[in-house]
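Shown next, in C-alpha cells, is the structure this report addresses.
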Amino acid sequence: NLQESESENKLDGETASDSESKSEFGGSPPVPTSDDTPEVLNRALSNLSSRWKNWWVRGILTLAMITFFFIIIYLGPMVLMTIVMCVQIKCFHEIITIGYNVYHSYDLPWFRTLSWYFLLCVNYFFYGETVTDYFFTLVQREEPLRILSKYHRFISFALYLTGFCMFVLSLVKKHYRLQFYMFGWTHVTLLIVVTQSHLIIHNLFEGMIWFIVPISCVICNDIMAYMFGFFFGRTPLIKLSPKKTWEGFIGGFFATVLFGLLLSYVMSGYRCFTCPVEFNNDTNSFTVDCEPSELFQLQEYNIPLVLQSVVGWKTVRMYPFQIHSIALSTFASLIGPFGGFFASGFKRAFKIKDFANTIPGHGGIMDRFDCQYLMATFVNVYIASFIRGPNPSKLIQQFLTLRPDQQLHIFNTLKAHLVDKGLLGSPEDA
Amino acid sequence: QEVYLEERLRELDLRSDSDVPDVPPPTDSTPEILKRALSGLSARWKNWWIRGILTLAMISGFFLIIYLGSFMLMLLVLSIQVKCYHEIITIGYRVYHSYDLPWFRSLSWYFLLCVNYFFYGETVADYFATFVQRREQLQFLIRYHRFISFALYLTGFCMFVLSLVKKHYRLQFYMFAWTHVTLLITVTQSHLVIQNLFEGMIWFLVPISSVICNDITAYIFGFFFGRTPLIKLSPKKTWEGFIGGFFSTVVFGFVFSYFLAQHQYFVCPEEYNSETNRFVTECEPSELFQMKKYSLPPLLQAVLGWEAVNMYPFQMHSIALSTFASLIGPFGGFFASGFKRAFKIKDFADTIPGHGGIMDRFDCQYLMATFVHVYITSFIRGPNPSKLLKQLLVLQPEQQLNVYKTLKSHLLEKGILQPSLRG
C-alpha cells in the first residue's frame, strides 16, 4: 500500500500559514548575516551611529557599483557578455542555495550536481543559438562548429534528457516529494534567471544603448523612488514592502522619465552605443561601426500647443529614440517594481532577509537585479515588435539549407519585389 | 548553529506532514452497463476486462478522429492538454486545499490562456498566412503578437503579486511555481505535437502508436516472462518486459510505417487552402516516402535469403522513433510514478475507468513529442520557405539588396541559377 510504505512524513509539510505570528522579520530569528563590510570601511565609519553608518555603507557601495558599470561599458561588448554570464551564474547559485538551505538537513543525492548540470545544458542551448545567429560566417568556416551548429537542438535536447534520466534514477524512496520540489525549484529558477540573461545579451547585440538605458532607468527609479520616499513619503504603497510609498512611486516615475530622455539624448550621439554589435571576420573581433539608423538621427518635432506656451519653443530637435526611451522608462517605473515586490514576497515566504551577503549593505546579487528581469524581457519584446526586423544573416543561413527549387522560388520572388520597389534596375541587369 | 537550524526547521514546519490530506478513495466511474455485464466475474478478471474494453474503446476513438481529419485532431490535442492541465492543477489545489487561497484557480486558468494564445499565434499564424493576409484586424494582432502576449502575461503576473496574502506567501509561491512548471510540461509539448501533425500525419501517428505499442507489449511480455524487476519506482516493470517491448515496438513501427507511407493522406504536410477554406493534404510525396532499394548487409542476406529489399527511407527513421519510445519514453512514466508516490496519489484522476486520468495515459507521450519535433527540425525538415520569404520582405531595402546579392552569388556558384546572357 503506497500510503503506508512512505515514511516521508517527517520531511516536508508545507503549511499555508507561515507561522502566523511571525509575519515580520522581528519575530523570528533572522539568518545570521556575517558582516561583510570590508575592514577599511568599518574603521572609517566607526564613529557614526549605526543608522547613518548603514546609509553611508549603502551609499559608498552604490557609487562603487555604478563606477564598475561604467568601466565595463568602456571595456566593450565582450566583457559585458562575460559579466552578464557571471551575474547569471551567481543569481542561480544564490537561489539554489536558498532552496538547498530550506531542505538542508537531508542528504539528497545528486541535487547540487544535477542543478549545475541543468544550468550548463540550458546555457549551452541558448549560447549555441545566439552564436549561430550572430557569428554565422565564423561558424561556417570551422568544421566542428558547423556540425555542432547544424545539430545544435538535437545535441542540447540529448544533454537535457541525460539530466532528466539521471534525476529519475536518483529518486530515493523516502525523499520523493522533496526531490520533485527541488526539480521544480531548479527549473523555475532556470526559467527566470537564464532566459532573461540571454535576452539581455540579445538586447546588447542590438546596440549598447538598448542595454544601458533600460538598466540605468531601473537603477535610477530605485534611487529616485527611495529619495522621494525619504523626503516626502506618507502613503504606503503595498503591504508587501512597507517602506515603499506612493509619493516615492510617482516622484520616481517622473524623475526616471526625465533621466531616460536626457541619457538617451547624450548617448544617441555616439556610434559606439547606437550601432549593433557585429563580429568582423577579418579582424576576428567585435566592431561597433555603422551608419546610424534613423532612430538616431536628429529630427524636428512640433511641440503640441499646450507645451508651447509653457516652454516657449515652437519645435524641438530630438532623436526618435528618445520617444522610445519614454516607453522604456515608463515600464521601468510602473511595472519594474512588481519584480521587486515579487522578490520581497519570495523573501518573506522563505523567511530570508536577503538573498545572500555578497554586497555589503545591499544583500546578494539577486537583490540588486530583481527589478531588472522583467525589464530585460520587455526590452527584447519591444525591440522585436516595434524596432528591429529579422536578422539578415540568420535569414541567409536558413535560406542555404533549403532545397534548390525552394531557393530559386524565393530568389525570384525577392527579385520581383525589389524590381517593383525600384531598388533594382531592369530585370535583365539584375 | 545546530540549535538554530532545529528552530528554523520547526518554524518552517518541515517536520510534520499533517497538512497533506489523504486523497479520498477514487469513486468508481465504471458505467453501469459494463458493471452488469461483468457482474459474474471475480474482481481481478473484472478489472482486466474493464481495462481491455476501455483500451479498445480508446483505440477506436483514435481511429475515428484520424478519419475525421487534422482539424479534429488539433481540437482533440487541445482538449487533452486542457484536461491534463486541469488534473495537475487539481492535485496541487487538493494538496493545499484547506486554505482559502484567493485567485489561485482563476490565475492558473488565465496563465493557461495566455500561454496558449502565444503559442497558437506563433505556430498557427505561419500556416494560415494567406488567410491572415486578407483580414486587417488579424494582421495587427499578428504583427504585434509577442508584445500582446507579453502584456497579457504581465497582467497575470501583477495580479499574482497583488494577490499575495500575508499568511500564505509560501503557499502562493509554491502554487505559482506549480502552475508554471505544469504549463511548461503540458502546453509546450501539446504544441509540439501539433507542429509534428502539420508536418504530416504520419509524424503524429507513428510516435504515438509506438508509445502505446510499447506500453502494451511491455506489459504482455512482463505478464508472461517477467522475472527481474526493472526499477524500484515501478515494481511491476521487469527487464524482460522492457526488452521484449523494445523489439516488438521496433518491428511494429517498421511495419506500421510501411503501410502509412503509401497514402498521401498521411504523408503530406498540412496546408490550408484559402479558396476552399479547408485543410488539404495533397502533394508530391517527398523522397522519404518513395520506395528505394536497399542492399542488405551480408549477415542479414544469409539469414533472410534476399539480396535487396524495397523500403521507404522513412522506415529507417521509424526505427529511431521506436527506439526512443521504448528506451527513453518509459522514463516519462517513471517520472509520473515518482510524482504520484511523492504526492500520495494512486492516479491523476478518475476520468477513464480502469485507467485513471488522462495524464496517466499520456505521461510517456510527452518526451516523445519533444523528441519527434527536435528530430524533424534537425534531420528532416528545413525552415519553412514561406515564413522565410515573409521575413525577407520585411527587411529594410538596403538589407534586402545585400541579401539579394549574397543569394545571387550563392545560386550562381551552385549552378542553380544560370548567368544571364548579358553577363
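Bear in mind that the values here come from a model prediction, so they are computed numbers and not experimental data. What you see below is based on every heavy atom in this structure, not just the backbone, and it leaves out hydrogens, waters and symmetry mates. In the text below, chain A, chain B and the rest are named by the order of the sequence lines, each starting its count at 1.
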Under the side chain to side chain donor-acceptor pair (under 3.5 Å) test, residues paired with B:Thr370 that sit two or more places apart: B:Gln189

Pairs of heavy atoms under 4.5 Å with chain A: top-ranked of B:Leu407, B:Leu411, B:Leu184, B:Leu164: B:Leu407

B:Phe379/A:Tyr151 under side-chain contact (heavy atoms from CB on, under 4.5 Å): CA gap, chis, key distance, verdict: CA-CA 8 Å; B:Phe379 299 112; A:Tyr151 299 110; 3.3 Å; yes

Heavy-atom proximity to chain B below 4.5 Å, by part of A:Phe378: both

Most contacts with chain B, counted as non-hydrogen pairs under 4.5 angstrom, among A:Phe342, A:Phe167, A:Phe341: A:Phe342

Interatomic spacing from NE2 in B:His180 to NE2 in A:His187 - rounded to 0.5 Å: 14.5 Å

B:Phe147 to A:Ser385 - nearest heavy-atom pair and separation: CB-OG, 3.4 Å

Pairs flagged by salt bridge (charged side-chain N to carboxylate O under 4.0 Å, His left out) wherever residues 374-386 of chain A is involved - sequence neighbours left out: none

Those residues of residues 148-157 of chain B, ordered by number, that approach chain A below 4.5 Å (heavy atom to heavy atom): B:Phe150, B:Leu154, B:Phe157

Rounded distance (nearest 0.5 Å) linking atom SG of A:Cys165 with atom CG of B:Leu327: 10.0 Å

Near-ring test B:Tyr144/A:Phe386, centroid separation under 6.0 angstrom: yes

Minimum-distance pair of heavy atoms, taken over all atoms of A:Ala349 and B:Phe173: CB-CD1, 3.9 Å

Contacts of A:Thr189 that satisfy side chain to side chain donor-acceptor pair (under 3.5 Å) - sequence neighbours left out: none

